[in-house]
Chemist: 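Quick one: the structure is below, questions incoming.
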Number of protein chains: 2
Amino acid sequence: MEFLQVHIVISEELYTKNPESSELGKKIVSRSIEMIDELGFEAFTFKKLGKSIGSNESSIYRYFESKHMLLVYLLCWYWSWVEYKLVFATNNIQSKEEKLAAAINILTRKTDVDNSFSYINEIILNRIIIAESSKAYHTKDIDSENEKGYYSVYKRVVQRVSSMVTDINPDFEFPHMLISTVIEGAHQQRYFSKHLPSLTDVKEGKDTIVNFYTDLVFKVIT
Amino acid sequence: MEFLQVHIVISEELYTKNPESSELGKKIVSRSIEMIDELGFEAFTFKKLGKSIGSNESSIYRYFESKHMLLVYLLCWYWSWVEYKLVFATNNIQSKEEKLAAAINILTRKTDVDNSFSYINEIILNRIIIAESSKAYHTKDIDSENEKGYYSVYKRVVQRVSSMVTDINPDFEFPHMLISTVIEGAHQQRYFSKHLPSLTDVKEGKDTIVNFYTDLVFKVIT
DNA sequence: ACAAATATAATAGTATTACTATCAAAAAAA
DNA sequence: TTTTTTTGATAGTAATACTATTATATTTGT
């Protein structure tokens, strides 16, 4: 069985040496995803990662300037991947409403396996995005990093879906607020349902989160 | 002019020695709020705090077990204060809809000065809650800390407002999801409007965030 | 096949962090 | 005034988040 191999290109600003250019680089990325998930971002270190992949701390620093930049890289990779899924899933849908519903589904659903990108486990990556991504942009350096374009992919995803909202209702004044609320909200609800369930109303079986936010969006924009 | 002095009681689990029991303790709390705001939580240390208040690192450790526990303490104080404001603002409102609207206003508006609590600056505290609170519960220890009740005040606030939703529409299935989405969403939008404005549609002057979420809630529950 | 270039590994070192432990001095309570 | 409690000062530890240097592989060009 063959799979379509799609390539996600990440801005050069985010790494010192492109991790996709070598086996070691790919191992750094794939193993770091697993380790951040296992240990949490705080307890994760380049030293531990090096030991775990049979390499050296100093070699990892040749790919990523810091642990923070690695997280930003993963975030960027994740949102590029979501954008690809989004474009793929909404392409050729004629009905504006169906298109928006498909987009919201992509943004709020549980991530499933995707064999197009061999060395990255999207399910685990999704989990660390949910648990750790806020640590990437809740920094004192947010403004300068934003200027450098570190978050442009994420902003583009919000923009794409906001446009779908505006297509349906051109008079709706807050499409960006609505979509960023949905994206961040869906992530939070997944985290809460696991760790602080009294903040949610998630039921076993059906995907409450997708239904809740889909319903919310359509009610709010009309 | 005299002000009503209201006392917020914080669970003993959150501190080693009650910071309200001494001048030093109060200074630790009030100055830590300012310093976390200035430096960000990562760069803030007990050593720097000690130096800044003319005290010693070791003395601060006698009040708080760790920097993380100080943050949890501040979070708990903040939500206790919001709960007090909430009860105060919604008390005696007859109309269920007006009551909920008043509650959403409390949860989403910009914080203003409050002279009832002398040594805590609520405006700065609000800012650090917006920027840093996710770091408190995005930890590997979340489950055990949740069991110990560290987040019960926050959960109670969500519960209170969710009940108001259920009072209006007993058939609405997701009151907790809705209210936690609103609370966290409003915080995020305030952060985004300052640092990642393309994720929002905030306009100068009027309080877009309050209007957006008030409208959202009433549209969703009916 | 061999030199040159490049990538990786190993080691050491630095400043800082997040604490703990100990002891003395100061302040408050009995 | 004695005892207790609180604070301050100092020292120490293991770990973190790096940087710098040098040696050793590995790859590449000819």
Side-chain angles (χ1 to χ4, degrees), chain A residues 12-32 35-36 38-74 119 132 135-136 138-141 144-145, chain B residues 12-32 35-36 38-74 119 132 135-136 138-141 144-145:
Chain A
E12 289 183 22
E13 303 251 285
L14 301 184
Y15 48 76
T16 310
K17 178 183 161 130
N18 191 347
E20 295 212 286
S21 69
S22 73
E23 281 311 303
L24 177 62
K26 286 178 202 164
K27 233 167 153 184
I28 288 170
V29 171
S30 64
R31 187 74 190 116
S32 73
M35 288 187 81
I36 292 171
E38 285 160 26
L39 307 172
F41 189 66
E42 283 72 29
F44 165 79
T45 69
F46 280 2
K47 197 162 201 170
K48 289 175 189 166
L49 174 60
K51 200 169 184 182
S52 168
I53 60 176
S55 176
N56 196 274
E57 198 188 1
S58 60
S59 303
I60 297 162
Y61 276 103
R62 240 173 265 113
Y63 287 85
F64 295 101
E65 193 182 310
S66 65
K67 168 173 141 157
H68 174 253
M69 284 310 291
L70 168 59
L71 183 62
V72 173
Y73 178 90
L74 294 177
Y119 69 98
E132 318 287 359
K135 293 167 193 167
H138 282 133
T139 320
K140 277 284 153 188
D141 299 321
S144 73
E145 294 192 352
Chain B
E12 289 183 20
E13 303 250 286
L14 301 185
Y15 49 77
T16 311
K17 179 182 160 130
N18 191 347
E20 296 212 285
S21 69
S22 73
E23 281 311 305
L24 177 61
K26 286 179 202 164
K27 233 169 157 184
I28 288 170
V29 171
S30 64
R31 187 73 189 115
S32 73
M35 288 188 82
I36 292 171
E38 284 160 26
L39 307 173
F41 189 65
E42 283 72 28
F44 165 80
T45 70
F46 280 2
K47 196 162 202 170
K48 290 175 188 167
L49 174 60
K51 199 168 185 182
S52 169
I53 60 177
S55 177
N56 195 274
E57 199 187 359
S58 60
S59 303
I60 298 161
Y61 275 102
R62 246 173 252 117
Y63 287 85
F64 294 102
E65 193 183 309
S66 64
K67 167 174 142 157
H68 174 252
M69 285 311 292
L70 168 60
L71 183 61
V72 173
Y73 177 91
L74 294 178
Y119 69 97
E132 318 286 359
K135 294 168 192 167
H138 282 134
T139 319
K140 279 284 152 186
D141 300 320
S144 71
E145 292 191 354

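Every chain is numbered from 1, with letters handed out A, B, ... down the list of sequences.
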Chemist: Once you round it to whole Å, what is the distance between C1' of D:dA9 and NZ of B:Lys51?
Modeler: 14 Å
Chemist: For chain B and DNA chain C, what are the first and last nucleotides along the strand, 5' to 3', with at least one atom under 4.0 angstrom from a heavy atom of the protein chain?
Modeler: C:dT17 to C:dA21
Chemist: Any idea which heavy atoms bring B:Val29 and B:Tyr73 closest together, and the distance?
Modeler: CG2-CE2, 4.0 Å
Chemist: Is B:Glu65 touching bases, backbone alone, or none of the nucleic acid, heavy atoms closer than 4.0 Å?
Modeler: sugar-phosphate
Chemist: Rounded to the nearest angstrom, tell me the gap between atom CD1 in A:Ile60 and atom C1' in D:dT16.
Modeler: 14 Å
Chemist: Starting at atom CD1 of B:Ile28, determine the distance to atom P of D:dG8, rounded to an integer number of angstrom.
Modeler: 9 Å
Chemist: Quick one: B:Glu57 CD to D:dG12 P, roughly how many Å, whole number?
Modeler: 15 Å
Chemist: Check every strand shown and say whether B:Phe46 touches a base, only sugar-phosphate, or nothing at a heavy-atom separation below 4.0 Å.
Modeler: nothing
Chemist: With a non-hydrogen cut-off below 4.0 angstrom, is B:Lys17 in contact with a base, only sugar-phosphate, or nothing?
Modeler: sugar-phosphate
Chemist: Return whichever of A:Phe44 or A:Asn56 has its heavy-atom-nearest nucleotide of DNA chain D closer to the 5' end.
Modeler: A:Phe44
Chemist: Could you report the tightest heavy-atom contact between B:Tyr63 and B:Asn18, atom names first, then the distance?
Modeler: CE2-O, 3.8 Å
Chemist: Taking for each residue the nucleotide of DNA chain D with the nearest heavy atom, is it A:Ala43 or A:Arg62 whose nucleotide lies nearer the 5' end?
Modeler: A:Ala43
Chemist: With the threshold set at 4.0 Å, does a side-chain nitrogen-carboxylate oxygen contact exist between B:Glu57 and B:Lys48?
Modeler: no
Chemist: Mind checking A:Lys47 for me? I need base, sugar-phosphate or nothing, with any heavy atom below 4.0 Å counting as a touch.
Modeler: nothing
Chemist: Mind checking A:Gly25 for me? I need base, sugar-phosphate or nothing, with any heavy atom below 4.0 Å counting as a touch.
Modeler: nothing
Chemist: Where the side chain of B:Tyr63 is concerned, which of D:dT7, D:dA17, D:dA9 is the nearest nucleotide?
Modeler: D:dT7
Chemist: Can you give me the closest heavy-atom contact between B:Val72 and B:Glu145, atom names plus distance?
Modeler: CG2-OE1, 4.5 Å
Chemist: Round to a whole Å and report the spacing from CG of A:Leu70 to C1' of D:dA17.
Modeler: 14 Å
Chemist: CD of A:Glu38: more than 12 outside heavy atoms within 6.0 angstrom?
Modeler: yes
Chemist: Examine A:Lys67 relative to A:Phe46 and say whether NZ or CZ is less than 6.0 Å from the centre of the six-membered ring and inside a 45° cone about the ring axis.
Modeler: no
Chemist: Using a cut-off of less than 4.0 Å, is there contact between a side-chain N or O of B:Ser59 and OP1 or OP2 of D:dT6?
Modeler: no
Chemist: Without decimals, in angstroms, what is the distance between A:Lys135 NZ and D:dA17 P?
Modeler: 12 Å
Chemist: Under the side-chain contact (heavy atoms from CB on, under 4.5 Å) rule, what do A:Ile28 and A:Tyr15 come out as? Steps first, then yes or no, please.
Modeler: CA-CA 12 Å; A:Ile28 288 170; A:Tyr15 48 76; over 6 Å; no
Chemist: Could you tell me the separation between the CG atom of A:Leu39 and the C1' atom of D:dA17, rounded to a whole number of Å?
Modeler: 16 Å
Chemist: Counting just side-chain N and O atoms, does B:Ser58 come under 4.0 Å of either OP1 or OP2 of D:dG8?
Modeler: no
Chemist: With respect to A:Tyr119, which candidate in A:Glu23, A:Glu20, A:Arg31, A:Lys26 satisfies the side-chain hydrogen bond (donor to acceptor under 3.5 Å, both in side chains) definition?
Modeler: A:Glu20
Chemist: Counting only side-chain nitrogens and oxygens, does A:Ser22 get under 4.0 Å of the OP1 or OP2 atom of D:dT26?
Modeler: no
